[in-house]
Amino acid sequence: MMLQAANAVRGAVPPAVRPAGSSSLLLTENQQWIGGPPPLMDKLSPREREQVLKQGRRKVLNRGQTLFSQGGKHDGIWLIESGRIRVFYTSPLGREITLAYWHVGNFVGGPEVFEGTVHQWSGVASSNCSVVHLPGKELRSLAVEIPNLAIGLIEGLTFKGKCYSALAQMLGTRSITQRLSHLLLHLVELYGVEDADGRVIAAAFTHADIAHMVGATRQWVTISLKRMQEKGILQTRRSQIVVCRTDVLEEMRGHASD
């Protein structure tokens, strides 16, 4: 199993935490997807990038602010310039499951990328963000005119489709305990900073955030983290988690059952 780091471009995560650039966070077990799709604008020339951005409308969001809502009218995509967007699905009973956290260079708003439909899920800023909205009509024209932009859209949608399918498979075949252990290990990979007691996960994820990623309740996550702390596997310090025994988590993610 692998909670992949889909590399984007530099700047979304402080250099002390992730010097090689930013990463998107999603639950999947395919190790071949490390690196994820290239940033949407990666293959465009400077002139083409300028042409695309001229059609966009920049928007700044504070942490917790909604970018788009499930069931709302859809029109185009949002290109992430800074920060992190959480994309999630809400069931009819109000339960949420996080599909992914997307970072700089990624786009959100699919699977439809043009216009005329409704959103299948919601997107909210999990940190202060800057995004560029590319309306559907203008994006369609740009995709016809700029082949590398069209290829970038296809690559991005293909990657997202595979990952969301893998998420469904993982939720159906792995225990919650395995998924939690798995998630903690890869949060250490992405955000771990050396500490006297182990490695601090230097990123703000609440127990509710973790629950939404592994398909559990907040109460279950709180109880499970407390049990892990009692066993010396980790420590909790206010809003921080310090992982002390990655070897135990490795064993738990491979063999644990609920």
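Numbers here simply count residues along the sequence, with the first being 1. Side chains are part of it too, since the values below use all heavy atoms of this structure and drop only hydrogens, waters and symmetry mates.
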Worksheet item: Going by atom types only, do Arg63 and Ser127 share a side-chain donor-acceptor pair under 3.5 Å?
Response: no

Item to complete: State which residues pass ring-ring contact (aromatic ring centres under 6.0 Å, His included) with Phe88; sequence neighbours excluded, sorted by chain then number.
Response: none

Worksheet item: Once you round to the nearest 0.5 Å, how far does NZ of Lys43 lie from CD of Glu48?
Response: 12.5 Å

Fill in: Joint cluster assignment, Tyr89 & Leu167, ILVMFWY side-chain distance < 4.5 Å
yes

Item to complete: Using the test side-chain hydrogen bond (donor to acceptor under 3.5 Å, both in side chains), find all partners of Glu50 that sit at least two apart in sequence or belong to another chain.
Response: none

Response to the item:
Going by chain and number, the hydrophobic cluster around Ile154 (ILVMFWY, side chain to side chain under 4.5 Å) further includes none

Worksheet item: Do Val243 and Ile223 belong together in a cluster built from hydrophobic side chains that touch within less than 4.5 Å?
Response: no

Discussion item. Listing request: all ring pair (Phe, Tyr, Trp, His ring centres under 6.0 Å) pairs with a residue in residues 125-155, at least two apart in sequence or in separate chains.
Written reply: Trp78-His133

Discussion item. Is the shortest side-chain heavy-atom distance between Arg237 and Asp197 below 4.5 Å?
Written reply: yes

Discussion item. As an exercise, state the distance from CG of Asp75 to CD of Glu115, rounded to the nearest 0.5 Å.
Written reply: 6.0 Å

Worksheet item: Hey, what do you get for CD (Gln235) to CD (Gln240), rounding to the nearest 0.5 Å?
Response: 11.0 Å

Worksheet, complete the sentence: Scanning both residues in full, the closest heavy-atom pair of Trp121 with Gly110 reads NE1-O, 3.3 Å

Worksheet item: From Ile233 CD1 over to Asp247 CG, what is the distance, rounded to the nearest 0.5 angstrom?
Response: 9.0 Å

Fill in: Results of salt bridge (Lys or Arg N to Asp or Glu O under 4.0 Å) for Glu145 - residues two or more places apart only
none

Worksheet item: With Gln65, which residues qualify under side-chain hydrogen bond (donor to acceptor under 3.5 Å, both in side chains), at least two apart?
Response: none

Discussion item. With a 4.5 Å cut-off on side-chain heavy atoms, are Ile80 and His103 touching?
Written reply: no

Can you give the donor-acceptor pairs under 3.5 Å from side chains of residues 54-61 to other protein atoms, not counting sequence neighbours?
| unit_1 | atom_1 | unit_2 | atom_2 | d |
| --- | --- | --- | --- | --- |
| Arg58 | NE | Glu81 | OE1 | 2.7 |
| Arg58 | NH2 | Glu81 | OE1 | 3.4 |
| Arg58 | NH2 | Glu81 | OE2 | 2.8 |

Worksheet item: Is there a side-chain contact between Met213 and Thr98 (heavy atoms, below 4.5 Å)?
Response: yes

Item to complete: Please test Ile151 against Glu155 for side chain to side chain contact (heavy atoms under 4.5 Å, CB included), starting from the C-alpha separation and ending with a verdict.
Response: CA-CA 6 Å; Ile151 291 172; Glu155 289 178 341; 3.7 Å; yes

Practice prompt. Give the C-alpha distance, both sets of side-chain angles, the deciding distance and a yes or no for side chain to side chain contact (heavy atoms under 4.5 Å, CB included) between Val124 and Leu67.
Written response: CA-CA 5 Å; Val124 64; Leu67 179 59; over 6 Å; no

Fill in: Non-hydrogen atoms of Ala150 and Ala143 that approach each other most closely
CB-O, 3.6 Å

Item to complete: Give me the other members of the hydrophobic cluster that Leu142 sits in, counting Ile, Leu, Val, Met, Phe, Trp and Tyr linked by side-chain heavy atoms under 4.5 Å, directly or via other members.
Response: Leu40, Met41, Leu44, Val52, Leu53, Ile77, Leu79, Phe107, Val113, Phe114, Val132, Leu134, Leu139, Ile146, Leu149, Leu153, Leu157

Worksheet entry | Closest approach of Gly232 to Cys244 (non-hydrogen atoms, all atoms of both residues) | O-CB, 3.6 Å

Item to complete: Under the ring-ring contact (aromatic ring centres under 6.0 Å, His included) rule, collect the residues that match up with His212, sequence neighbours excluded.
Response: none

Worksheet item: Taking it one step at a time, do Leu171 and Ile97 satisfy side chain to side chain contact (heavy atoms under 4.5 Å, CB included)?
Response: CA-CA 10 Å; Leu171 290 172; Ile97 181 71; 4.1 Å; yes

Worksheet item: Between Glu112 and Thr117, does any side-chain donor sit less than 3.5 Å from a side-chain acceptor?
Response: no

Discussion item. Would you compute the distance between atom CG of Asn106 and atom CZ of Phe159 and round it to the nearest 0.5 angstrom?
Written reply: 8.0 Å

Worksheet, complete the sentence: dist His182:NE2 -> Ser175:OG (nearest 0.5 Å) comes out at 11.5 Å

Worksheet item: If we only count heavy atoms from C-beta on, is the Ser126 to Trp102 side-chain gap below 4.5 Å?
Response: no

Worksheet item: What are the two closest non-hydrogen atoms of Leu180 and Ser224, and how far apart are they?
Response: CD2-CB, 3.7 Å

Worksheet item: Is the gap between the ring centers of Tyr101 and Phe205 under 6.0 Å?
Response: yes

Worksheet entry | Arg245/Glu250 ion pair, N-O < 4.0 Å | no

Worksheet item: Quick one: do Met228 and Val248 end up in the same hydrophobic cluster if we chain Ile, Leu, Val, Met, Phe, Trp and Tyr together by side-chain heavy atoms under 4.5 Å apart?
Response: yes

Discussion item. Are the side chains of Trp220 and Ile210 in contact, using a 4.5 Å heavy-atom criterion?
Written reply: no

Practice prompt. Indicate whether the side chain of Thr246 and that of Arg199 have a donor and an acceptor atom separated by less than 3.5 Å.
Written response: no

Response to the item:
Going by chain and number, the hydrophobic cluster around Val200 (ILVMFWY, side chain to side chain under 4.5 Å) further includes Val242

Worksheet entry | Set of residues satisfying side-chain hydrogen bond (donor to acceptor under 3.5 Å, both in side chains) with respect to Gln70, sequence neighbours excluded | none

Practice prompt. May I ask you to test the Thr90-Arg95 pair for a side-chain heavy-atom distance under 4.5 Å?
Written response: no

Discussion item. Thr66: which residues meet the side-chain hydrogen bond (donor to acceptor under 3.5 Å, both in side chains) condition with it, sequence neighbours left out?
Written reply: none

Discussion item. When you compare the side chain of Pro135 with that of Glu138, does any pair of heavy atoms fall below 4.5 Å?
Written reply: yes

Worksheet item: With no hydrogens and no angle check, is any side-chain donor or acceptor of Ser181 less than 3.5 Å from a backbone partner on Thr177?
Response: yes

Worksheet item: When you look at Asp209 and Arg218, which way does the salt bridge (charged side-chain N to carboxylate O under 4.0 Å, His left out) test go after all the steps?
Response: CA-CA 8 Å; Asp209 292 333; Arg218 180 187 59 78; over 6 Å; no

